[in-house]
Amino acid sequence: MGPHVAIIMDGNRRWAAANGLPLIEGYRRGVAALREAVRGAIDAGVGMLTVYGFSTENWNREQREVDLLMQLCALFARSERRSLGRQGVRVRTIGDVEAFPATARAALRHLVEGTGGNTRLTLTLALNYSGRAEIVRAAQAVARDAATGRLQPDEIDEAALRARMYAPDTSDPDLLIRTGGEYRVSNFLLYHIAYTELITLPIMWPEFTAEHFLQALGNLAVRERRYGA
């Protein structure tokens, strides 16, 4: 399997403001950029692509923007299912998707089910996701199993914790790309990126292309990864 690439898709709102366009246009262009990322991942033989679509902190934005994001989420899930299926992309989600409106949940469920048999690329959408919340959720599951005797205290290790996370079979990302020029991980995959290579791009997410993806992956290829050694 090819490498695992994660992306923090930052800059939709700033791009729209800088170009004098309505907010919705920034997010529409952001969806187009995600198509580009998928194309780049397929061209490069990437095995997994994980993107930060909606964080738990995003609920704090204006209600109008939250409603817009929910609508776009449902629209993306419905409109992209056939295209992603043709490309051999399997889609899955991580995060508390149950907090989304019913229309968005149903569209996402159909997208996941409709692409479940594909094997060319796994596209994971992090939705209503928090890295800290994922760790807390796994710790709570460990505590419940220990309290009922299904797990002994000395059996609690990294494998036990990972087995209780959202996607325990997923490898750690080899590369994390962040657009928007910021230098922070924003509560994304906190447990998983201990030895992930980081690349920050000065462009806004709507400007991202498959070529940017391939260039970032090329940068990874020349780095010496030591994993703490």
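None of these values were measured; they are calculated from a predicted model. This chain uses plain numbering: 1 for the first residue, then up along the sequence.
- Scanning both residues, Pro22 and Ala16, for their nearest heavy atoms gives O-CB, 3.7 Å.
- Summarising the geometry of Pro206 relative to Gly11, their closest heavy-atom pair is CD-O, 3.9 Å, with the distance given to 0.1 Å.
- Contact check for Leu49 versus Thr124: no side-chain heavy atoms found under the 4.5 Å cut-off.
- With hydrogens and angles left out, the side-chain atoms of Gln215 and Asn219 include no donor and acceptor closer than 3.5 Å.
- Under a cut-off of 6.0 angstrom, the local environment of CD in Glu62 is sparse, with at most 12 non-hydrogen atoms contributed by other residues, nucleotides or ligands.
- When hydrophobic clusters are built by joining Ile, Leu, Val, Met, Phe, Trp and Tyr residues whose side-chain heavy atoms come closer than 4.5 Å, directly or via intermediates, Leu176 is not grouped with Trp205.
- With values rounded to the nearest 0.5 angstrom, Thr93 atom OG1 is found 9.0 Å from Leu111 atom CG.
- Val51 and Val185 fall into different hydrophobic clusters, where Ile, Leu, Val, Met, Phe, Trp and Tyr side chains are chained together by heavy-atom contacts under 4.5 Å.
- Proximity of a side-chain donor or acceptor of Thr196 to a complementary backbone N or O of Pro173 within less than 3.5 Å is detected.
- The line from CD1 of Ile199 to CZ of Phe213 is 10.0 Å long, rounded to the nearest 0.5 Å.
- Interatomic distance, CG of Leu68 versus CD1 of Ile24, reported as 5.0 Å (0.5 Å rounding).
- Taking the six-membered ring where tryptophan is involved, the planes of Tyr52 and Phe188 are essentially parallel, since the angle between them stays under 30° and well short of 60°.
- At a cut-off of 3.5 Å, with distance as the only test, a side-chain donor of Tyr129 or Glu134 sits close to an acceptor on the other residue.
- Counting heavy atoms from C-beta on, the side chains of Ile7 and Thr50 never come closer than 4.5 Å.
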| field | Intermediate values then yes/no, side-chain contact (heavy atoms from CB on, under 4.5 Å), Glu65 and Gln63 | value | CA-CA 5 Å; Glu65 182 175 354; Gln63 189 60 47; over 6 Å; no
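- Between Asn187 and Ser130, the shortest heavy-atom distance links the atoms ND2-OG, 2.9 Å.
- A distance-only check finds a donor-acceptor pair linking the side chain of Arg105 to the backbone of Phe100 [under 3.5 Å].
- Rounding to the nearest 0.5 Å places CZ of Arg28 at 7.5 Å from CG of Leu72.
- The shortest side-chain heavy-atom distance between Asp174 and Glu197 does not fall under the 4.5 Å cut-off.
- Heavy-atom neighbours of Arg132 CZ from other residues, nucleotides or ligands within 6.0 Å: at or below the threshold of 12.
- Leu121 and Phe208 fall within the same hydrophobic cluster, where Ile, Leu, Val, Met, Phe, Trp and Tyr residues are linked whenever their side-chain heavy atoms come under 4.5 Å apart, directly or through other members.
- Side-chain N or O atoms of His212 include one that pairs as donor or acceptor with a backbone N or O of Thr209 at under 3.5 Å.
- Closest approach of Leu84 and Asn118 over heavy atoms only: O-ND2, 4.2 Å.
- Using modelled atom types, one finds no donor on one side chain facing an acceptor on the other under 3.5 Å when comparing His4 with Thr170.
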| message | The test is side-chain contact (heavy atoms from CB on, under 4.5 Å); show your working for Leu217 and Val46 and say whether it passes. | response | CA-CA 9 Å; Leu217 204 58; Val46 165; 3.8 Å; yes
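- Partner Asp145 forms a side chain to side chain contact (heavy atoms under 4.5 Å, CB included) with one of Glu155, Arg164, Gln152 and no other, that one being Arg164.
- Ile94 and Phe54 fall into different hydrophobic clusters, where Ile, Leu, Val, Met, Phe, Trp and Tyr side chains are chained together by heavy-atom contacts under 4.5 Å.
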| message | Checking Asn58 against Val66 for the side-chain contact (heavy atoms from CB on, under 4.5 Å) test, could you report, in this order, the C-alpha distance in whole Å, the side-chain angles of both residues, the deciding distance, and whether it holds? | response | CA-CA 7 Å; Asn58 288 158; Val66 172; 6.0 Å; no
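- Hydrophobic clustering keeps Val5 apart from Leu189 (ILVMFWY residues linked when any side-chain heavy atoms are closer than 4.5 Å, directly or through intermediates).
- The two residues Leu127 and Leu108 have their closest heavy-atom pair at CD1-CD1, 3.7 Å.
- For the pair Asp169 and Arg162, the salt-bridge criterion is not met [side-chain N within less than 4.0 Å of a carboxylate O].
- Taken from CG in Leu161 to CG in Asp157, the straight-line distance is 9.0 Å, to the nearest 0.5 Å.
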| said: Is there a side-chain contact (heavy atoms from CB on, under 4.5 Å) between Tyr191 and Glu158? Walk through the geometry before answering. | reply: CA-CA 10 Å; Tyr191 183 87; Glu158 287 191 30; 3.4 Å; yes
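- Scanning all heavy atoms of the two residues, the minimum distance from Leu175 to Ala216 falls at CD2-O, 3.8 Å.
- With sequence neighbours excluded, the residues that form a side chain to side chain contact (heavy atoms under 4.5 Å, CB included) with Glu182 are Asp10, Arg14, Arg178, Arg184.
- Within the 4.5 Å cutoff, no side-chain heavy atoms of Arg90 are placed close to those of Arg120.
- Side-chain atoms of Thr200 never come within 3.5 Å of backbone atoms of Tyr183 as a donor-acceptor pair (strictly under, hydrogens ignored).
- With contacts defined as side-chain heavy-atom distances shorter than 4.5 Å, the pair Ile156/Leu151 qualifies.
- A distance of 8.0 Å separates CZ of Arg29 from CG of Asn19, quoted to the nearest 0.5 Å.
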Donor-acceptor pairs under 3.5 angstrom involving side-chain atoms of residues 32-45: please list them, not counting sequence neighbours.
| residue | atom | partner | partner atom | Å |
| --- | --- | --- | --- | --- |
| Arg35 | NE | Glu80 | OE1 | 3.2 |
| Arg35 | NE | Glu80 | OE2 | 3.0 |
| Arg35 | NH2 | Glu80 | OE2 | 2.9 |
| Glu36 | OE1 | Arg39 | NH2 | 3.0 |
| Glu36 | OE1 | Ala210 | N | 2.9 |
| Glu36 | OE2 | Arg39 | NH2 | 3.4 |

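- Partners of Glu207 according to the side chain to side chain contact (heavy atoms under 4.5 Å, CB included) rule, which considers only residues two or more places apart in sequence or in another chain, are Trp15, Ile203, Met204.
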